[in-house]
Novice: 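Quick one: this structure, given as structure tokens, is what I'll be asking you about.
In what follows, every chain begins at residue 1, and chains take the letters A, B, ... in the order their sequences are listed. What you are looking at is a predicted structure, and each value in this text was computed from that prediction instead of being measured.
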Amino acid sequence: MSLNNSSKTSEILSAHFFQRADVVSIAKELIGKVLCTEFDGVLTTGQIVETEAYNGIHDKACHAHSGRFTKRTKVMYEPGGTAYIYLCYGIHHLFNIITNNEGIPDAVLIRAIEPLEGTQTMLERRKMNQKKRNLTAGPGILSQALGIKTDQNGIQLTRENGIWIEDHGLNITSNNIISGPRVGIGYAGEDALLPYRFSLRGNPWVSPAKT
DNA sequence: ATAATGATTCGCT
DNA sequence: GCGAATCATTATG
């Protein structure tokens, strides 16, 4: 989508952005980028305001910890820039971006976005009639709002094809990024304490999950 | 083949 | 604040 953005830059993040070694840096840098989907010609976009890093085989909270390789986790070993979408609690489609090179199962979970374009479509998908925080502030509901489903598991995010990420040239300084422990992974022992959750300071669209 | 379990959300008390 | 919803994946027999 490159319509009337005359002054703003708006480029799709490439494989190079995702195929780097430090998943924690990538999770931080994704704050302020724009997550876009287009299905059946319907465009919806939102600014990423909350992410979590999952540090591959060494991270007890990561589905691929200790090199676990199953039907579900095999997509995590794809090259950076691949989508990893799985069903959680039988209800919620959680959207992750695979990072690093092929064979290394690092990933970033997108936890919340601030709606930009297509909010009317998002409201319909969420069966809501008012734009408020529970439209997109949470990993399960943002997927519902953007129409992301496990159907799209394994697709490439580096083309304007279904799901992609744009850089709108926003410069977020590190003192505007809050870090803290990840949500819902108490089973991960000491790794549950790692400060791998990042959010945009003061943004009302950050998920209400307890830290 | 069977049983347990979530990287969550929503509604009700 | 608490518990139900709901099902693919995973481990185990």
Novice: Can you measure A:Ile98 atom CD1 to B:dA7 atom C1' for me and round it to whole angstrom units?
Specialist: 13 Å
Novice: When you compare the side chains of A:Thr173 and A:Asn176, does any donor N or O come within less than 3.5 Å of an acceptor on the partner?
Specialist: yes
Novice: With a 3.5 angstrom cut-off on both distances, give the Watson-Crick or G-U wobble partner of B:dA7, or none if there isn't one.
Specialist: none
Novice: Taking the side chain of A:Arg72 as its heavy atoms from C-beta onward, which of B:dG6, B:dT8, C:dT9 lies nearest to it?
Specialist: C:dT9
Novice: Using a cut-off of less than 4.0 Å, is there contact between a side-chain N or O of A:Tyr187 and OP1 or OP2 of B:dT5?
Specialist: no
Novice: Side chain of A:Ile141, heavy atoms from C-beta onward: which of B:dA7, C:dC7, B:dT9 has the nearest atom to it?
Specialist: B:dT9
Novice: Measure from the side-chain heavy atoms of A:Leu94 and tell me the nearest of B:dA7, C:dT10, C:dA8.
Specialist: B:dA7
Novice: Nearest whole Å is fine: how far is B:dC10 P from A:Gln144 CD?
Specialist: 8 Å
Novice: Which listed nucleotide (C:dA5, B:dA7, B:dC10) is nearest to the side chain of A:Ile91?
Specialist: C:dA5
Novice: Counting heavy atoms not belonging to A:Arg201, are there more than 12 under 6.0 Å from its CZ?
Specialist: yes
Novice: For B:dC12, which nucleotide in any strand shown is its Watson-Crick or wobble partner with both distances under 3.5 Å?
Specialist: C:dG1
Novice: Verify whether one side chain among A:Arg125 and A:Gln144 offers a donor that lies under 3.5 Å from an acceptor in the other.
Specialist: no
Novice: Rounded to whole angstroms, how far apart are CD1 on A:Ile85 and P on B:dG6?
Specialist: 22 Å
Novice: Taking the six-membered ring for Trp, does A:Tyr89 stack with C:dA5 (centroid gap under 5.5 Å, planes within less than 30°)?
Specialist: no
Novice: From C-beta outward on A:Leu87, which listed nucleotide comes closest to its side chain: B:dT9, B:dG6, C:dC7?
Specialist: C:dC7
Novice: For A:Thr70, answer base if it contacts any base atom (sugar-phosphate contacts may also be present), sugar-phosphate if it contacts only those atoms, and nothing otherwise; contact means non-hydrogen atoms under 4.0 Å.
Specialist: sugar-phosphate
Novice: For A:Tyr54 and B:dA7, what is the distance between atoms OH and P respectively, to the nearest whole Å?
Specialist: 7 Å
Novice: Counting heavy atoms from C-beta on, name the nucleotide in C:dC7, B:dA7, B:dC10 closest to the side chain of A:His63.
Specialist: B:dA7
Novice: Looking only at side chains, do A:Glu117 and A:Thr44 share a donor and an acceptor under 3.5 Å apart?
Specialist: no
Novice: Counting N and O atoms only, with roles assigned by atom type, does the side chain of A:Gln19 sit under 3.5 Å from a partner on the main chain of A:Gly80, one being a donor and the other an acceptor?
Specialist: yes
Novice: Rounded to whole Å, how long is the line connecting atom NE2 of A:His93 with atom C1' of C:dT6?
Specialist: 11 Å
Novice: Could you state the atom-to-atom distance from CD1 of A:Ile97 to C1' of B:dA7 in whole Å?
Specialist: 15 Å
Novice: For A:Phe39 and A:Ile163, work out which heavy atoms get closest and say how close.
Specialist: CZ-CG1, 3.8 Å
Novice: Please classify the nucleic acid contact of A:Leu109 as base, sugar-phosphate, or nothing, using heavy-atom distances under 4.0 Å.
Specialist: base
Novice: Can you tell me the distance, in whole Å, between the CZ atom of A:Arg68 and the C1' atom of C:dT10?
Specialist: 7 Å
Novice: To the nearest angstrom, how far is A:Asp151 atom CG from C:dC7 atom P?
Specialist: 15 Å
Novice: So does A:Arg111 get a side-chain nitrogen or oxygen closer than 4.0 Å to the phosphate oxygens (OP1/OP2) of B:dT8?
Specialist: yes
